[in-house]
Amino acid sequence: MDYAHSQSAENAVRTSAKRTAELFGPEYLMVTPSALTDGSIGVSYRRKAEYEDVTELPRALAEKQAKAAAGRTKRPKIQAQTPADGSGASMSLVKRPAGGAGAAGTEDQPKSLITRPSATKQQKPDWHAPWKLMRVISGHLGWVRALAVEPNNQWFASGAGDRTIKIWNLATGSLRLTLTGHISTVRGLAVSPRHPYLFSCGEDKMVKCWDLETNKVIRHYHGHLSGVYTLALHPRLDLLVTGGRDGVCRVWDMRTRSNVHVLGGHKGTVADIKCQEADPQIISGSLDSTVRLWDLAAGKSMGVLTHHKKGVRNIAIHPSEFTFASASTGSIKQWMCPKGDFMQNFEGQNSVINSLAVNDENVLFSGGDNGSMSFWDWKTGHRFQSVETTAQPGSLEAEAGIMASTFDRTGLRLITGEADKTIKVWKQDEDATPETHPVQWAPTLGRQRY
């Protein structure tokens, strides 16, 4: 019985060997199993069949390697640095090749993966004149929460917690008109560049269209379930976009008042919305800590930016570049359109940042809840000026807060709406020069642009 069993096993081995020989071909017969280290005939066959042709380097490559090796032997060796105690061991954290530091950049030398980024590659910020307070305008009886400059740069509108909208002369700061109609705080304003219309929204869930020729409300846009905190006009289409506490962005046809799209996706209050001509045509920031980029044609979200840790309170689009910035508590981030690629952080202002504004001269302004104001170079993220606003006499110190801000159409005046119920107008110091106010900047190893 045992003999018959061993015979059948032997036949099975022979059959298997025959099948293996047929499978792997005649090369298999040249490989002796005794010469294998891993005991695998298949691996040994593959090694022979696939790599036999490349066991020797091509002649051109072999000559190049020989020359490189000869160059290494001729190069004088640089003595390694030794510690002061003379122990002979190098204190270097990164092992360098024998050629020394200078040889690390040559083609034949291995490059270290842990070299520190060069500080010299950082771009030097442009010089900007410092900004100073030019005018204080008082008249509102509540926090000034919204500002909008008209396209001809003659006047600007402000909305406040006293439920009124006031129109001011930009040149003189005098009051021209007060519009009443909202029954709660006015949170958003926009002046149409193509129609004689002013749009406003507030915490009373109302979105109103004012005819500036008769100074009366001619349209209401009904649909928001709670307070409306922000609005924006599309630069080319007759569209109005609003957002608020109900967490959706609503796109309205300006003339027919119909709700074209309801852009849902945010999990919290929509704090700011901006419109531009090219995709993404709508950018929204929310207190759920995200920025969403919207495709207006499809009515869908193109992307979600989740880099912020706290709620996004304001967004600023650069007037000429295809970039924008978003602000949350203690953090301002710069992004590139259309996909929302992260560019850089603006670091240094540790406060709840309520408002951003950027002009054509690459000056970014950010205003904080505690009255802190920062002016940044848009290209490099360098903060060239940091000031504190002063609350109006008679106000509490806690009322020194920037609630809204905008540059005028020239970019030479900055208008801020504040918690002390005033509007302040700022301008650049005409007497400042790069010699009197040099750029206080030094390259650092810590921060990189991308």
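This structure is a prediction, so every number in the text was calculated from the model and none was measured. For the numbers below, each heavy atom of this structure counts, side chains included, while hydrogens, waters and symmetry mates do not.
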Do [Y] and [X] have ring centroids that are under 6.0 Å from one another?
X      : Y      : result
Phe384 : Trp376 : no
His307 : Phe342 : yes
His261 : Trp294 : no

Parallel, tilted or perpendicular: rings of [Y] and [X] (30°, 60°):
X      : Y      : value
His224 : Trp252 : tilted
His195 : Tyr197 : parallel
Trp131 : Phe375 : parallel

[Y] side chain reached by [X] side chain, heavy atoms, under 4.5 Å:
X      : Y      : result
His437 : Trp127 : yes
Ser328 : Ser289 : no
Asp431 : Thr436 : no

To the nearest 0.5 Å, what is the distance between [atom1] on [X] and [atom2] on [Y]?
X      : Y      : atom1 : atom2 : answer
Phe407 : Asp360 : CZ    : CG    : 10.5 Å
Thr390 : Glu418 : OG1   : CD    : 8.0 Å
Glu361 : Trp378 : CD    : CH2   : 14.5 Å
Ser405 : Leu414 : OG    : CG    : 6.0 Å
Asp377 : Asn362 : CG    : CG    : 6.5 Å
Lys310 : Ser331 : NZ    : OG    : 10.0 Å

Item checked: Distance-only polar pair, side chains of Thr242 and Arg250, donor-acceptor under 3.5 Å ->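 No - no donor-acceptor pair under 3.5 Å links their side chains.
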Item checked: Distance-only donor-acceptor check, side chains Thr290 and His308, under 3.5 Å ->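 Result is no, nothing qualifies.
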Notebook entry, point to check: Do His234 and Val241 pass the side-chain contact (heavy atoms from CB on, under 4.5 Å) test, and can you show the C-alpha distance, the side-chain angles, and the key distance before you say yes or no?
Noted result: CA-CA 8 Å; His234 194 280; Val241 190; 5.9 Å; no
Notebook entry, point to check: Can you tell me if Thr15 uses its side chain to pair, donor with acceptor, with the backbone of Asn11 under 3.5 Å?
Noted result: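 Judged by distance alone, yes, a pair lies under 3.5 Å.
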Margin query: Is it true that, when you exclude Glu397 itself, more than 12 heavy atoms of the residues, nucleotides or ligands shown sit nearer than 6.0 Å to its CD?
Written below: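 Result for CD/Glu397: open.
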Note to self: Suppose the criterion is salt bridge (Lys or Arg N to Asp or Glu O under 4.0 Å): which pairs have a residue in residues 263-274, not counting sequence neighbours?
What the structure shows: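 As it turns out, the salt bridge (Lys or Arg N to Asp or Glu O under 4.0 Å) pairs with a partner in residues 263-274, which skip direct neighbours, are Asp272-Lys274.
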Next item on the list: Check the pair Lys424 / Arg135 against side-chain contact (heavy atoms from CB on, under 4.5 Å), numbers first and verdict last.
Entry: CA-CA 6 Å; Lys424 294 189 173 76; Arg135 179 177 289 129; over 6 Å; no
Check: Centre of Tyr229's six-membered ring, under 6.0 Å away, within 45 degrees of the axis: is that where NZ or CZ of Arg187 sits?
Finding: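 Relative to the ring axis of Tyr229, which defines the angle, Arg187 lies inside both limits.
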Next item on the list: Go through the structure and list residues passing side-chain contact (heavy atoms from CB on, under 4.5 Å) with Thr410, not counting sequence neighbours.
Entry: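 Listed in chain order: Asn153, Asp408, Leu412.
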Item checked: Reference residue Gln344; test side chain to side chain donor-acceptor pair (under 3.5 Å); the match among Lys333, Lys379, Gln334 ->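 So the option named by the test is Gln334.
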Notebook entry, point to check: After noting the C-alpha distance and the side-chain angles of Ser351 and Ser372, does the key distance pass the side-chain hydrogen bond (donor to acceptor under 3.5 Å, both in side chains) rule?
Noted result: CA-CA 8 Å; Ser351 70; Ser372 63; 3.3 Å; yes
Next item on the list: May I have the step-by-step check of salt bridge (Lys or Arg N to Asp or Glu O under 4.0 Å) for Asp238 and Arg255, ending in yes or no?
Entry: CA-CA 7 Å; Asp238 285 352; Arg255 297 196 177 279; 3.5 Å; yes
